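One structure is given here, and the rest of the page talks about it.
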Amino acid sequence: MTDITSTDRLRRNALGVAAVTFFVVSAAAPLTAVAGGYPIAMLLGNGVGVPLAVLIVMAILLVFSVGYTTMAQHISNAGSFYAFTARGLGGVAGGAAAYIAVLAYNAMQVGLYGLFGAVAAGTVAGMSGGAIDQPWWVWALASWALVGIFGYLKIDLSAKILAILVAAEYLIVVLLDFAILGNGGPEGVSTVSFTPSAFMTGEPIIGMLLCFAAFMGFEATTIYSEEARDPERTVPRATYLSVLVIGIFYAFTTWCMVIGTGSSKLMETLGGLADPTTFIFVLSDQYVGSWLTAVISLLLISSVFAALLAFHNAAARYFYVLGREGLLPAHLGKTHNEHQSPHIGSVLQTVLGVVILAIFIVTAQDPVLGLFAWLTNLATLSVITLMAIVSFAVIVFFRRQPQLGGSAFKTMLMPLLSGVALAVIAYQVVTHFDVLTGASPALAIGLPVLVPIAGVLGALVAFQMKQSGSARFAQLGAHQDK
């Protein structure tokens, strides 16, 4: 057991299955994916075959979840990927995973400020008839301040806010879905999107990779294990529930989007839009009315904000865990006396956010094509890499501790399948990074290289701890008792 005082623990028994699930599905930003991610996946990827691509990605993540949740029953640690890697593959590998995770969640969180600023600026300017027309960074900084405040306070406050925002997102999109289905679209209701021939059209690899990005955040269930009620049951249930809810919702909605234009006219319609991310607004105007389009526009702002808050909480908890366990300065391993939140980690994440924001503002980078696209795809690559590593860590963990039981199906076969699949996907992300991000050749190489650089730095810190003879090295990633 890691030696920490009760006053420096995260708030125990604060979150149930529903609350943890809300954190995860809000990090996936369902409306943001539907409005922004999936039209681009259709346009650059495999068009009408995207709904089947969603189901394939969901299946891969369910396979990963088998070993992931089995190991989660034995390790309750907010370090999540880091903790699993450390307990399975050793402290040095754990240090590498820890720093990659810090890179991942901070990159995702900060990248989302660009999208929030752009969406909020455009929506407010449009609805006010140009009376309120502020640059994107004004809105980004406003969200940065709010996220910093909520991240500092009790976690159940954040959960309540996310519950309201996420429920509204799902309801409004499902309303549009059923409006399209009820109408039948110009070519009628068809299941062509779920055929192999549709999946193989265009660029199926790009389609799958962009679908994969829309699930990012689902793995965060274990980050809240120390704050969950009965984590041995809560975390596995929340993990499977999150993957299924997100996956079925995305598959159903993208299918309805195809029906809305007709499969034969989908690519022509998307290609004819000045901005493919307006596709959902076109469908909303056509099948429901301008009032729903206005509601979707507002909820899109709240969708990105919910994701910002969820990833901020995840990043703050990683800082807390690494400070607590000696991989970062010890002060980060403190919690607030009243809120029991990782307040110092939260403040650090907030500071990092505004520093990176300032760099993009001063250099006049595009908030969506630069800040959002570059950093969130870097984060996606980092998380996929971590998932592949964790899959192999699960296998080693149970081989070294056969007394823990667990069938070979859960502790060997499924983790092996997911590990290989995720390693292949990570390779595909690297080789297609220029297409996914629109980055220059130099950035298309330089950004992915940050992942192994972070891993090497973390491994060196952990190795130094080992060489110093610190007793804490053997406890890296250890289970945290209630």
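As the structure is a prediction and not an experimental result, all values here were calculated from the model.
- Across all non-hydrogen atoms, the minimal contact from Pro342 to Tyr320 is CB-CB, 3.6 Å.
- Contact of the Thr70 side chain with the Val394 side chain is not registered, since no non-hydrogen atoms from C-beta on lie closer than 4.5 Å.
- Residue Ser346 comes nearest to His312 through the heavy atom pair OG-NE2, 2.7 Å, listed as atom of the first residue, atom of the second, then distance.
- In this structure, Gly326 and Arg472 approach most closely via the heavy-atom pair N-NH2, 3.2 Å.
- Put simply, the side chain of Trp144 gets close to the backbone of Thr350: a donor and an acceptor are under 3.5 Å apart.
- Annotation: the span from Arg237 atom CZ to Ser242 atom OG amounts to 13.5 Å, rounded to 0.5 Å.
- When side chains are defined from C-beta on, Thr385 counts as touching Leu381, because their heavy atoms get closer than 4.5 Å.
- Looking only at side-chain heavy atoms (C-beta outward), Leu103 and Val451 come within less than 4.5 Å of each other.
- In this structure, the side chains of Leu332 and Val321 stay at 4.5 Å or more apart for every pair of heavy atoms.
- Using modelled atom types, no side-chain atom of Asp434 and backbone atom of Ala439 make a donor-acceptor pair closer than 3.5 Å.
- You'll find the side chain of Phe398 reaches within 4.5 Å of the side chain of His74, heavy atoms only.
- Val66 has its side chain out of reach of Pro415: every pair of non-hydrogen atoms, C-beta onward, lies at least 4.5 Å apart.
- Listed here is the closest heavy atom pair of Met387 and Phe81: CG-CZ, 3.6 Å.
- Put simply, the side chain of Ile60 reaches to within 4.5 Å of the side chain of Met208, judged on heavy atoms.
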Might you work through the side chain to side chain contact (heavy atoms under 4.5 Å, CB included) test for Asn106 and Phe319, ending with a clear yes or no? CA-CA 10 Å; Asn106 279 281; Phe319 281 135; 3.5 Å; yes
Criterion side chain to side chain contact (heavy atoms under 4.5 Å, CB included) on Ile384 and Val429, from CA distance to verdict: CA-CA 9 Å; Ile384 293 172; Val429 173; 4.0 Å; yes
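- Residue Glu203 qualifies as open at atom CD: its count of foreign heavy atoms under 6.0 Å is 12 or below.
- Between Pro39 and Val34, the shortest heavy-atom contact is CD-O, 3.2 Å.
- Going from atom CG of Asn46 over to atom CG of Leu210 covers 9.5 Å, rounded to the nearest 0.5 Å.
- Atoms CG and CG, from Leu422 and Leu417 in turn, are 10.5 Å apart once rounded to the nearest 0.5 Å.
- Atom CD1 in Ile246 sits 9.5 Å away from atom CE in Met216 (nearest 0.5 Å).
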For Leu371 and Trp136, run side chain to side chain contact (heavy atoms under 4.5 Å, CB included): C-alpha distance rounded to whole Å, both residues' side-chain angles, the deciding distance at 0.1 Å, then the answer. CA-CA 12 Å; Leu371 181 57; Trp136 71 269; 4.0 Å; yes
Assess the residue pair Leu447 and Thr437 against the criterion (side chain to side chain contact (heavy atoms under 4.5 Å, CB included)); give the C-alpha distance rounded to whole Å, side-chain angles, the decisive distance to 0.1 Å, and a yes or no. CA-CA 10 Å; Leu447 288 172; Thr437 62; 5.7 Å; no
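- With values rounded to the nearest 0.5 angstrom, Leu322 atom CG is found 5.5 Å from Leu327 atom CG.
- In this structure, the separation between CG on Leu450 and CG on Leu375 is 9.5 Å, given to the nearest 0.5 Å.
- Using a 4.5 Å cut-off on side-chain heavy atoms (C-beta onward), Phe249 and Val174 make contact.
- Of the possible polar contacts, none joining the Gln109 side chain to the Gly353 backbone as a donor-acceptor pair under 3.5 Å is found.
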Using the rule given for ring-ring contact (aromatic ring centres under 6.0 Å, His included), can you reason through Phe397 versus Phe84, listing the C-alpha separation, both sets of side-chain angles and the distance that settles it, and then say yes or no? CA-CA 8 Å; Phe397 177 78; Phe84 285 20; 8.1 Å; no
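- In this view, Thr380 satisfies the side-chain hydrogen bond (donor to acceptor under 3.5 Å, both in side chains) rule with no residue, not counting sequence neighbours.
- For Gln401, the CD atom is densely surrounded, since the number of other residues' heavy atoms within 6.0 Å is greater than 12.
- A distance-only check finds a donor-acceptor pair linking the side chain of Arg317 to the backbone of Asn313 [under 3.5 Å].
- The two residues Phe311 and Leu112 come nearest to each other via the heavy atoms CD1-CD1, 3.8 Å.
- With hydrogens and angles left out, the side-chain atoms of Thr32 and Tyr38 include no donor and acceptor closer than 3.5 Å.
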Does the ring-ring contact (aromatic ring centres under 6.0 Å, His included) test come out yes or no for Tyr113 and Phe372, once each step is laid out? CA-CA 7 Å; Tyr113 282 124; Phe372 174 69; over 10 Å; no
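- A side-chain donor-acceptor contact under 3.5 Å links Thr254 to the backbone of Tyr250.
- Checked against the 6.0 Å centroid criterion, the rings of Tyr99 and Tyr82 do not qualify as a close aromatic pair.
- Under the 3.5 Å distance criterion, with hydrogens and angles disregarded, a donor-acceptor pair is assigned to the side chains of Ser391 and Ser418.
- Listed by first then second residue, pairs satisfying ring pair (Phe, Tyr, Trp, His ring centres under 6.0 Å) with a partner in residues 426-470 number zero, not counting sequence neighbours.
- In this structure, the side chain of Glu169 engages the main chain of Leu31 through a donor-acceptor pair within 3.5 Å.
- Between the side chain of Arg324 and the backbone N or O of Ala330 there is no donor-acceptor pair closer than 3.5 Å.
- In this structure, Tyr105 has its ring center under 6.0 Å from that of Tyr318.
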